[in-house]
Amino acid sequence: MNDSRAGRGQDRNRDVDETRRRLLFSTGVTTVVLGAVGFLGATARFLSPNVLYEPPSRAPIGSPDEFPPGTVTFLPDHRLFLFNNPAGFYAISSVCTHLGCNVRHLAGEGFACPCHGSLFDANGQVIHGPAPQPLSWFALSLSPRGELVVDTRQIVQPEYRFRV
Amino acid sequence: MRTPQRAAVGFHLAFAVLGVVFLAIFSWVFLKEYLTEWRTTQAQFDQLQRRVKDPHALSLAAPLGDIRQVWLPDVDRVDRCTTCHLGIDDPAFATAMEPYTTHPGTWLQTHAPDRFGCTICHGGQGEATDFRNAAHRPIPNWSDPMRPPELMEANCGTCHRERRPSQTFWLERGREVIANAGCIACHDVPGFALDDLRAPRLESVGYKVRPDWLRKWLADPKGYLLQARMPNFRLEAAEIEGLTAFLLAQRETAPLDSAGIDWSKADPDRGRTVFGEARCVTCHTIEGRGGTMGPELTTVGSKVGRDWLFGFIKDPAHDQPGTLMLRYRFTDEQIRDVVAYLTEELVDVETPKTPPEVRYVDPKLVESGRQTFVRHGCYSCHRFTGMMALGKIGPSLVGIGDRAIEPTDFKIEAVVPTRSNWLFLKLREPDRLADESRMPTYGFSETDAAAAVVALLSIRRADLPASRVTDQPRLARYEPQGAFGALVARYRCLSCHQVRGWGGELSTVPFDRIGSQLQHSYLVSYLQLPSAVRVSLEERMPQFHMTREEAETLADYFADVFVDDSLGGDIQLDAEAARRGEQLFQTLGCRGCHIVGRTGGYVGPDLSDSGRRLKPGWIEAWLSEPGKWKPGTLQPNYGLKPEEARALTAYLMTLSTDRSGRKP
Amino acid sequence: MSVLTAVGERGLATWRAVRRSIFRVGWPRTDKDRAAAMISSVVLHVHPAKVQRHSLRASYTLGLGLISFYLFGVLIVTGVVLMLYYTPHPPDAYRSMKDLQFVVTFGLVLRNMHRWAAHAMVFVVFLHMCRVFFTGGYKGPRQFNWVVGVGLLLLTLGLSFTGYLLPWDQLAFWAITVGSNIAGYAPWLGAEVKYLLLGGNVIGAGALLRFYVLHCIILPLLAIMLVAVHFYRVRKDGLSAPPLPEPPPVEEMVAGRFPPSTRSYGLMALTDRPAQPVVEAEPDDEVLAWPHLLYRELLLLLVVLVVLHAVALLFNAPLEEIADPTRTPNPAKAPWYFLGLQELVSYSAFVGGVLVPTLMVLVLVLIPYLDPAPRGVGVWFAPERSWANRVFAALASVTILVTLVGMFFRGPNWAWVWPWTQ
């Protein structure tokens, strides 16, 4: 009789012991797993740069006098064509929307991309070729010092003209 | 007994505890990152801008939560100041508290943030994103902390390298101090040239000065003359003796012969008259009154020998080829009288009248004086022949604005070890910073020394691209030749006047177009006997005692060469126009500033003799647009129509004080 | 409904099959499984299935070798991520350090961890070497492993030294100036080695690039290879030499030249195959690696990570002004682990720069061959090896002392200063 009671006590002790083990072990495992997940998340966040050493999207491109009326100028640093038209200035991106090559301007006709043969009309709309989107038009403004400023993050419609 | 293959409970406990501790510390990493100073600052700004801006403006505002930076690759700077200074270019935040407040003044209109960033003007560590590391106050390991406002003009000077940058007080003054003090003699100072130096040649000084004067001068130049340009070299008595011996032995060119002069007949009173007519005080000071282009003459009689003075006045360039002083056309008797006046009246009463005689000159003393002369770099300023190849004795000041100052550079521990403090101390008391400093004591006032510190701090090490730098154009030397050139050299016109920016600044009349401004006959008579045109000015052109031929040569050259074709042309000047002009003269109130006849104001020149003095083409051009010919002039631009200007010109051309003509 | 259960069961079966293909042995519940798990996993099979009890005692090894391995792992992980933002070209190198400090998310704490782990690793490796010496762990059959360890010590110093230059600040530049000049004192080869190391005569872009490649590729690869050899030997020679009573008589040797008590056991120890090696000889001395060894290793890893994180969060790695070849700080000090040499060099360039380092390395490498007698293994400061212990302790103390002098008691112009007066 005493043995069985002692045996039962031992069983209970073993159960309590077992639960405690499980609890502690799971706590430890959970924290480690959380830590590992946290570490992966932290690494992913780390990998994304917070500042870029790239030219700003809003940048001056020169005084309006540098672009005579009726001309189109290719600005390689900003990758755009600047048109000076009787109705005003406008800027069309030279970056082909297919895979990013610089398109060439065909006077009077539009643009052609040398990489895969995309053709765009004078407004940048796709006529032919693998390009999925038309060429972007960028907003223009005037800086306090009287320079033309292009904002490559502000996309405008092809009817856009900027009068100085 | 079989070993239990299960870990002891203690391990599980340790595992759980360590795991929790690890997680806690790991979360601290995240907390530290996401509770950074700039995020908190931006959060507060977000609340502020919701209060200050209307919803429409709010929708246009740039989103928060990012680090903002201006990257200037051409000057290799990255400025992240705008991460916290979020309202810097938005007028809506003019009354907000720091760091959100708008930038004061109109500086951002001329220095756009996207082209200049912040640290170019303010200093500091642009890469940082918290207050302390941005070096708002000095921090270790960053040698370019934010400049306090009083030193900020030094940063202006890094790009604005002209001698007188506009809108700066300290920088302009500091550069002037450096030019006047002659730092360029001993140091390489970017932006300053040896042309700025003004020190007499010493190759023949043995004939010139009295030994007792020389000793006193060497011991303390400012004791003789408060505005002395020469600093105090803190010489010991032995050095002074040696230098005196050395200098008195310099007798290269004997002064002009004054042997035939009968000094007994000298008349100091007549000399004083000649002195006054020659208007020597235009350039020389006597007892505090006069100009500063030349040395002070209050006690010149105790300084120089009589014979030397005679020879000098007769031909200054004989002894000092680069002198600014002209060669008057005096007779020998006039010079004798002037010298008598100078040596008898302008003396130091404490000095004996006759200088002590020097009997024996010890060659060893002369040699030691020569070594002192070399050691202290005297040859640099005084451009002593044969010694110029020795070079400058001081270290180059290139990059002094970036020079690292260690606390050990200071011998005085009570001073905060900053660069500006070190420079200030160095300028004011060079001997306190280093034991064997050869740098002399200039006796700068605190203001001058502070200004010079600002100017020095603007000399940085980094090269700036040309697109960032403004500078005054280099002036081409103007050295006329021929008969005209000989006259200009004799009468030293360029000591006071300028041609194409080259010359002195005492006169307000440059020669560039003088042939189109003034009539030939007027010039001829004026050069022989200058008269006051501006009654309010103290400085007048001296009388040179020029011959008529000389005056004609000069006037001819002016009329032939210094013309402006746009000011020529015939102008119809009829009586009708003159009458209209006279009415205009009354309506515009010109007499408020100009004298015509006996009445008028003192601000502008006397116009009573305009008909014989000025040329009509010039008058018309001047009246039409005064600011074009003389920027900053007080003459108002009345916006005259061409016929109005012509009418006024016609009227003015009728004005003349000729006895045979009409008196206005 | 039955379709769903069928699909579900099928999915579950596939899932289990995929799992089993990766983890051949699931979470072990039996001793056999525990042993099998050790040898069936590429990651775990560096451990034996069973280990001797004594090798688990923390007081015996202090886990120093394991700590240095963990530190190496931390250094590799943090180093690789830091490489994504670092530019090995002056002056962009300095700018990239500033960026890591200010704008890169977690950049500051990662850089701190990298730096403090590096310093800790040099110190821990040194302590590990002392521990192995004092417990006679270099005696046979572990002689060559000791030599590999010396190689690893030199690689650790080399890694720390090459990494020291990378921030391109005054501290880095002048420390490497001093260090490379010390190296240049070696006769005949010194100048050439210095020229190759710097890629020229001055410390400039070429030096930085070479140090970068050494630090990130060449030396780590060499270190990984030597670590592999080192671990293999540790595994094969038995984890941590046990106390040797006496050399056993020859006829008791089985399975090779090594006495049975030093062998480690694999799975075979537990099979029922008739021809089994001697297992019952000292059964109580062995326990299964899973969980005893692994659990201890895991806890030690957690301790190391916790300490590293705390230190990285509390103390910032130094970054002084950008390297300026025209301005020498006063004093200019080598990295702390070379300060002992710099102290000696201040007395004599040859002695400090050439003689002492060469002798040190030579003596270290030869130690197991100078003292091959298998006495006093497995206990700290065994009395049979007292003179060896004393000599080594003296030399180690002198090294530490000279390093401390260089660190704290030398001021401007290398003059003696009392650190509390600074």
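Letters go in sequence order (proteins before strands), and every chain restarts at 1. Values below: all heavy atoms of this structure, side chains included; hydrogens, waters and symmetry mates excluded.
- Residues B/His12 and C/Tyr295 form a side-chain contact, since some pair of their non-hydrogen atoms from C-beta on lies under 4.5 Å apart.
- When heavy atoms are compared at a cutoff of 4.5 Å, B/Ile67 approaches chain C solely by way of its side chain, counted from C-beta outward.
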Enumerate, atom names and distances included, each donor-acceptor pair closer than 3.5 Å involving a side-chain atom of residues 395-402 of chain B, sequence neighbours excluded.
residue, atom, partner, partner atom, Å
B/Ser396, OG, B/Val398, N, 3.2
B/Asp402, OD1, B/Arg460, NE, 3.0
B/Asp402, OD1, B/Arg460, NH2, 3.3
B/Asp402, OD2, B/Arg461, N, 2.9

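- With rounding to the nearest 0.5 angstrom, the CZ atom of B/Phe11 is 3.5 Å from the CZ atom of C/Arg296.
- Looking at C/Thr326, the atoms closer than 4.5 Å to chain B (heavy atoms on both sides) all sit in the side chain, from C-beta outward.
- Of the atoms belonging to B/Tyr34, it is side-chain heavy atoms, and not backbone ones, that fall under 4.5 Å from chain C.
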- [ ] Kindly indicate, with the supporting measurements, whether the criterion side chain to side chain contact (heavy atoms under 4.5 Å, CB included) is fulfilled by C/Val103 and B/Arg80.
- [x] CA-CA 9 Å; C/Val103 296; B/Arg80 301 182 174 125; 3.3 Å; yes

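- If you measure heavy-atom distances from C/Asn330 to chain B, you find no contacts under 4.5 Å at all.
- Within a 6.0 Å sphere centred on CG of B/Asp463, heavy atoms belonging to other residues, nucleotides or ligands number 12 at most.
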Open item on the list: Before you tell me yes or no, could you show the steps for C/Arg95 and B/Asp76 under side chain to side chain contact (heavy atoms under 4.5 Å, CB included), namely the whole-Å CA-CA distance, both residues' side-chain angles and the distance that decides it to 0.1 Å?
Closed with: CA-CA 10 Å; C/Arg95 167 70 50 74; B/Asp76 194 30; 3.7 Å; yes

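- With a 4.5 angstrom heavy-atom cutoff, B/Asp130 touches chain C only via side-chain atoms.
- Other residues, nucleotides and ligands place more than 12 heavy atoms under 6.0 Å from the CZ atom of C/Phe409.
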